[in-house]
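Working notes, beginning with the structure itself.
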Number of protein chains: 2
Amino acid sequence: MMKKPGLTKINNIEKSLQSAEEHCQRNGSKLTKKRRQILSILLGADRAISAYELIELFNDQFEHKPPAMSVYRILDYLVSFDLIHKVNAANKFIACTQIHNMENHGATQLLFCQQCQQVQETPLNTTVYEGLLDEIKKSGNQLCSQQIEFTCICNACLENSQSYTKSISA
Amino acid sequence: MMKKPGLTKINNIEKSLQSAEEHCQRNGSKLTKKRRQILSILLGADRAISAYELIELFNDQFEHKPPAMSVYRILDYLVSFDLIHKVNAANKFIACTQIHNMENHGATQLLFCQQCQQVQETPLNTTVYEGLLDEIKKSGNQLCSQQIEFTCICNACLENSQSYTKSISA
DNA sequence: TTGTTTTTGTTATAGTATCACAAATTGAGT
DNA sequence: ACTCAATTTGTGATACTATAACAAAAACAA
């Protein structure tokens with residue numbers, strides 16, 4: 001029999017936080033309470049979240065509004081440890097999906113749906129990635145980020161907009 | 001004998017504006033005076049420029065400060081016609097380098113140096129691009145933008161920072 | 001305990017972007 | 001040229017994103 005989805009999710013978040021904690025320790029740093037709280041909100045979100053949305057969600061969950069400055073600092077911290085990613089196309093943030101496996105966290109692609117704001121993070125195909133790296137090197141540059149961002153529209157939104165288009169053209 | 005570089009540059013900008021104008025016409029639109037002025041500033045810049053920097057540069061060149069709203073509208077317009085690109089990692093804008101050849105303007109890579117803000121726009125290797133498209137499609141998404149942005153550090157900056165590192169570690 | 005480092009808070013402010021509505025300009029048809 | 005409609009630009013207010021500078025608190029080691 002299946003567990004309740006809600007509880008499963010909470011358990012998964014707990015596990016992720018555990019992994020994150022270990023990742024920080026391995027790198028001579030630590031996941032403080034605040035950092036952990038921020039990360040847990042992002043882990044629970046099903047789409048990209050802005051810093052100020054995060055403040056509101058923090059207030060909902062922990063009954064206290066952290067100052068923007070602190071939130072941005074913590075976001076910077078989490079980004080620098082690759083525990084979260086910034087979606088530049090939207091100035092929003094998502095939790096890393098590879099959080100259980102940070103040691104061999106290779107390059108990933110962030111497929112950002114500009115309509116529903118959902119982000120799909122999947123490992124980047126090795127061949128493609130090497131081809132990219134090669135091209136970038138040839139152009140006299142060195143890649144800094146392990147996350148390549150793509151502005152997309154997801155199939156779900158695509159279908160919705162198509163049916164919408166149909167309905168208005170009818 | 002070489003022409004003065006400055007004049008050559010101005011001539012190139014004029015040609016680019018001409019091409020842009022034709023591109024707009026072909027697409028049933030037009031490059032108004034304001035749009036042309038904004039585009040010419042971006043064509044003359046050697047790095048990515050923010051909307052508000054653009055206002056200042058506009059004032060320098062045309063002795064009048066356009067309102068932010070107008071600038072953003074015009075930037076949106078130029079982006080939608082692919083005449084300029086937005087560098088999401090920096091919230092800045094650059095003129096398209098393929099402006100003379102918009103009809104077969106394929107996918108390009110924007111190599112953004114996070115240190116000096118310069119952006120190198122080069123055509124994306126076809127094989128790599130198709131590989132990418134394939135992966136994106138497999139993940140159930142459709143790519144929206146023809147510009148793939150990479151946060152990099154250019155060789156020039158890399159050397160500078162290395163010599164700097166050497167000097168402080170000495 | 002004391003001093004040091006790291007983290008978080010506070011206040012103010014800088015920088016990026018858009019809304020809603022008004023005015024001006026352009027262009028087609030008469 | 002005149003009128004209407006569509007497009008473009010202007011205006012003022014305001015929302016959203018992000019950081020600077022300095023203070024307080026917490027963590028930690030000597």
Side-chain angles (χ1 to χ4, degrees), chain A residues 20-21 24-25 27-42 47-59 62-81 83-94 112 114 117 149 151, chain B residues 20-21 24-25 27-42 47-59 62-81 83-94 112 114 117 149 151:
Chain A
E21 194 141 10
C24 290
Q25 270 167 19
N27 291 89
S29 180
K30 68 206 147 150
L31 196 67
T32 62
K33 185 180 174 189
K34 281 270 153 65
R35 288 168 182 167
R36 199 185 165 92
Q37 288 171 316
I38 298 278
L39 179 55
S40 83
I41 293 171
L42 287 170
R47 58 181 178 82
I49 302 291
S50 80
Y52 282 84
E53 286 174 306
L54 205 41
I55 292 174
E56 295 307 315
L57 293 172
F58 195 105
N59 190 39
F62 306 111
E63 305 188 340
H64 157 242
K65 280 197 186 189
M69 188 67 253
S70 295
V71 169
Y72 274 104
R73 261 189 305 230
I74 288 171
L75 288 171
D76 283 348
Y77 174 89
L78 296 172
V79 165
S80 75
F81 280 82
L83 292 169
I84 67 172
H85 306 306
K86 179 169 185 185
V87 182
N88 287 321
N91 296 318
K92 293 183 177 175
F93 301 85
I94 55 163
F112 169 63
Q114 55 187 171
Q117 308 269 303
E149 189 179 316
T151 300
Chain B
E21 195 140 10
C24 289
Q25 271 167 19
N27 291 89
S29 181
K30 66 206 150 152
L31 196 67
T32 62
K33 184 180 173 189
K34 280 269 152 67
R35 288 169 181 166
R36 200 186 164 90
Q37 288 172 317
I38 297 278
L39 179 56
S40 82
I41 293 171
L42 287 170
R47 58 182 178 81
I49 302 291
S50 81
Y52 282 84
E53 287 175 305
L54 207 40
I55 292 175
E56 295 306 316
L57 292 172
F58 195 104
N59 190 40
F62 306 111
E63 304 187 343
H64 156 243
K65 281 197 185 189
M69 188 67 253
S70 296
V71 170
Y72 275 103
R73 261 190 304 231
I74 288 171
L75 289 170
D76 283 348
Y77 175 88
L78 296 171
V79 165
S80 75
F81 280 82
L83 293 168
I84 68 173
H85 306 306
K86 180 167 184 186
V87 182
N88 286 321
N91 296 319
K92 293 185 176 173
F93 300 85
I94 56 164
F112 169 64
Q114 57 188 167
Q117 307 269 301
E149 191 179 315
T151 300

Write out a two-atom table: protein N or O, nucleotide N or O from nucleotides 15-20 of chain D, distance below 3.5 Å.
residue	atom	partner	partner atom	Å
D:dA18	OP1	A:K86	NZ	2.5
D:dA18	OP1	A:N91	OD1	3.4
D:dA18	OP2	A:Y72	OH	3.0
D:dA18	N7	A:Y52	OH	3.2
D:dA18	N6	A:Y52	OH	3.4

Detail all sub-3.5 Å separations between protein N/O atoms and N/O atoms belonging to nucleotides 27-30 of chain D.
residue	atom	partner	partner atom	Å
D:dA27	O3'	A:K30	NZ	3.2
D:dC28	OP1	A:K30	NZ	3.3

Check: What is the distance, rounded to the nearest whole Å, between atom CD1 of B:I74 and atom C1' of D:dT8?
Finding: 9 Å
Margin query: Any non-hydrogen side-chain atom of A:S40 less than 4.5 Å from a side-chain atom of A:F58?
Written below: no
Note to self: Quick check: closest heavy atoms across B:E21 and B:L31, and the distance to 0.1 Å?
What the structure shows: N-CD2, 3.9 Å
Next item on the list: Would you kindly give the CZ-to-C1' distance between A:R73 and D:dC22, to the nearest whole Å?
Entry: 11 Å
Notebook entry, point to check: Under the 3.5 angstrom rule, does the side chain of A:E149 hit a backbone N or O of A:N88 as a donor-acceptor pair?
Noted result: yes
Next item on the list: May I have the distance from B:L31 (atom CG) to D:dT8 (atom C1'), rounded to whole angstrom?
Entry: 13 Å
Margin query: What's the separation between atom CG in A:L83 and atom CD1 in A:I38, rounded to the nearest 0.5 Å?
Written below: 13.0 Å
Notebook entry, point to check: Using a cut-off of less than 4.0 Å, is there contact between a side-chain N or O of B:T32 and OP1 or OP2 of D:dT8?
Noted result: no
Notebook entry, point to check: Could you give the CZ-to-P distance, from B:R36 to D:dT8, as a whole number of Å?
Noted result: 16 Å
Would you tabulate the side-chain donor-acceptor contacts of residues 65-72 of chain B under 3.5 Å, counting partners in other chains and residues two or more places apart, or write 'none'?
residue	atom	partner	partner atom	Å
B:K65	NZ	B:E56	OE2	3.2

Notebook entry, point to check: CD1 of A:I41 to CD1 of A:I49: how many Å apart, nearest 0.5 Å?
Noted result: 9.0 Å
Margin query: Dot-bracket, 5' to 3', for DNA chain D please: Watson-Crick or G-U pairs under 3.5 Å, [ ] where pairs cross earlier ones, | where the partner sits on another strand, dots elsewhere.
Written below: ||||||||||||||||||||||||||||||
Notebook entry, point to check: First contact, last contact: which nucleotides of DNA chain C are these for chain A, 5' to 3', heavy-atom distance under 4.0 Å?
Noted result: C:dT7 to C:dT10
Next item on the list: May I ask you to decide if B:A20's main-chain N or O and B:R36's side chain share a donor-acceptor pair within less than 3.5 Å?
Entry: no
Checklist line | Pairwise distance CG(B:L57) to OG(B:S50) - rounded to 0.5 angstrom | finding: 8.5 Å
Notebook entry, point to check: Atom CZ in A:F81, atom CZ in A:R35: separation rounded to 0.5 Å?
Noted result: 7.5 Å
Margin query: In the structure I gave you, are the side-chain heavy atoms of B:F112 and B:K92 within less than 4.5 Å of one another anywhere?
Written below: no
Notebook entry, point to check: Do any side-chain nitrogens or oxygens of B:R35 fall under 4.0 Å of OP1 or OP2 in D:dT8?
Noted result: yes
Next item on the list: Apply side-chain hydrogen bond (donor to acceptor under 3.5 Å, both in side chains) to A:K86 and list each qualifying residue two or more places apart in sequence or on a separate chain.
Entry: none
Notebook entry, point to check: In terms of side-chain geometry, is the basic nitrogen of A:R47 or A:E53 positioned less than 4.0 Å from the acidic oxygen of its partner?
Noted result: yes
Margin query: Using the side chain to side chain contact (heavy atoms under 4.5 Å, CB included) definition, which of the options B:I94, B:I74, B:V79 pairs with B:I84?
Written below: B:V79
